[in-house]
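A short write-up of the structure that comes next.
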Protein chains: 2
Amino acid sequence: MIESTVEIGKAASILKLLGDKTRLTMVKLLNNHDCCVCEFVEIFKMSQPAISQHLRKLKDAGVVRENRRGQWIIYSLNQESDYYPLVQNVLDHLPSQDYLLTELEEQGLRISCE
Amino acid sequence: MIESTVEIGKAASILKLLGDKTRLTMVKLLNNHDCCVCEFVEIFKMSQPAISQHLRKLKDAGVVRENRRGQWIIYSLNQESDYYPLVQNVLDHLPSQDYLLTELEEQGLRISCE
DNA sequence: TTAATATATAACGATTTACTTATATACGTA
DNA sequence: TACGTATATAAGTAAATCGTTATATATTAA
């Protein structure tokens with residue numbers, strides 16, 4: 001049962017953000033594990049600025065949060081967001097993407113930000 | 001509880017479609033009432049081709065269906081779609097948009113396709 | 001058959017998007 | 001302090017998006 005609704009224009013803007021495969025996969029991964037930028041760079045085989053820009057959009061919308069830990073910035077899902085219940089429900093429909101992190105670990109690339 | 005998941009690329013494409021306020025509102029309305037193109041034209045104060053193009057995208061993705069009734073084409077949510085559970089869950093987070101149809105009715109414009 | 005109405009398609013333009021490369025900033029360490 | 005690593009920002013570009021107007025198609029009714 002849904003506790004409260006999200007204004008439809010706001011909802012559309014969140015869904016637009018999630019309507020990109022890269023960002024949607026990021027958010028799905030963050031649902032289980034906090035990640036740093038460098039991990040996403042490896043996973044998506046995309047330039048660091050491209051990853052950074054996706055994360056900024058998600059952060060600006062309040063979907064994710066960042067926490068600096070030394071020279072790394074760790075991203076996590078913002079569970080306090082008004083949109084969190086919507087995002088969570090969407091994620092429930094997606095298969096786990098954790099194999100991407102497993103692959104990274106097998107390459108020994110996960111350790112980079114721990 | 002979710003019965004089955006949607007491949008993440010497909011999910012992203014559906015969310016992208018829903019990530020437009022006009023289309024999201026259309027789908028929310030269709031969740032309660034079948035509608036024809038001319039009703040949407042009145043509601044969104046947008047050209048008929050613009051409405052037609054939004055509906056085509058939704059139809060191509062399998063989210064909605066069309067049924068001709070005389071000279072009108074009635075659109076409805078496609079409950080048989082693999083994406084229907086996802087769409088339905090998203091819609092649950094939105095406030096009803098039925099006031100748009102009420103307004104239409106008050107203007108006497110709803111009768112046009114009945 | 002002709003006209004009117006409802007809808008779809010085509011062609012086009014302004015804006016947005018999602019990358020890229022180059023550069024700036026922040027932190028840790030020698 | 002100076003250097004290396006992690007991340008962010010700036011600037012530019014190709015492609016996608018969402019609207020428009022003009023036109024085509026389909027149905028109904030005179």
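Throughout, a chain's letter reflects where its sequence line sits, starting with A, and its residues are numbered from 1.
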Any link between A:Leu18 and A:Ile2 through a network of hydrophobic side chains (Ile, Leu, Val, Met, Phe, Trp, Tyr) touching at under 4.5 Å? no

Classify the side chain of B:Gln53 and the base of D:dT20 as holding, or not holding, a donor-acceptor pair under 3.5 Å. yes

Nucleotides 24-29 of chain C: protein proximity per nucleotide (B base, S sugar-phosphate only, - neither; heavy atom, under 4.0 Å): --SSS-

Would you kindly give the CD1-to-P distance between A:Ile73 and D:dT5, to the nearest whole Å? 17 Å

Need one value for A:Tyr75: base, sugar-phosphate or nothing, where a base atom within 4.0 Å counts as base even if backbone is also close, heavy atoms only. sugar-phosphate

May I ask you to verify if any side-chain N or O of A:His54 is less than 4.0 angstrom from the OP1 or OP2 atom of C:dC19? yes

Please check if the side chain of A:Lys21 supplies one atom and the backbone of B:Ile8 the other of a donor-acceptor pair under 3.5 Å. no

Closest-nucleotide mapping onto DNA chain C: is A:Asp20 or B:Ile51 further toward the 5' terminus? I mean the 5' end. B:Ile51

Please confirm whether any donor atom in the side chain of B:Gln48 sits under 3.5 Å from an acceptor in the base of C:dT5, or the reverse. no

Quick one: closest heavy-atom pair of A:Lys10 and A:Val6, and the distance? CB-CG1, 3.9 Å

Rounding to an integer number of Å, can you tell me how far A:Met26 CE sits from C:dA18 P? 12 Å

Taking the side chain of A:Ser52 as heavy atoms from C-beta outward, which of D:dT7, C:dA10, D:dA8 is closest to it? D:dA8

Find the distance B:Asn67:CG to D:dA26:P and express it as a whole number of Å. 18 Å

May I ask you to evaluate whether B:Arg56 reaches the phosphate of C:dA8, defined as a side-chain N or O under 4.0 Å from OP1 or OP2? no

Against the side chain of A:Arg23, the closest entry in D:dT20, C:dA18, C:dT7 is C:dA18

Any side-chain N or O of A:Ser47 less than 4.0 Å from the OP1 or OP2 oxygen of C:dT20? yes

May I have the distance from B:Leu58 (atom CG) to C:dA8 (atom C1'), rounded to whole angstrom? 15 Å

side-chain contact (heavy atoms from CB on, under 4.5 Å) for A:Val90 and B:Val90? Distances and angles first, verdict last. CA-CA 7 Å; A:Val90 168; B:Val90 168; 3.9 Å; yes

B:Lys16 vs B:Lys45, nearer the 5' end of DNA chain D by closest nucleotide: B:Lys16

Just by modelled atom types, is the B:Pro95 backbone N or O under 3.5 Å from a matching donor or acceptor in the B:Gln97 side chain? yes

Quick note, B:Lys57 side chain, CB onward, closest among D:dT7, D:dG19, D:dT17 is D:dT17

CD of B:Glu66 versus C1' of C:dT7: gap in Å, rounded? 9 Å

For B:Ser81 and B:Asn78, indicate whether the former's side chain and the latter's backbone hold a donor-acceptor pair under 3.5 Å. no

Quick check: closest heavy atoms across B:Ala12 and A:Leu24, and the distance to 0.1 Å? N-CD2, 3.7 Å

In whole angstrom, what separates B:Lys59's NZ from C:dT9's P? 6 Å

Quick one: does any side-chain atom of B:Glu103 pair with a main-chain N or O of B:Leu100 as donor and acceptor, under 3.5 Å? no

Atom-to-atom span, CE of B:Met46 to P of D:dT21 - whole angstrom: 13 Å

What integer distance in Å separates B:Lys21:NZ from C:dT16:C1'? 18 Å

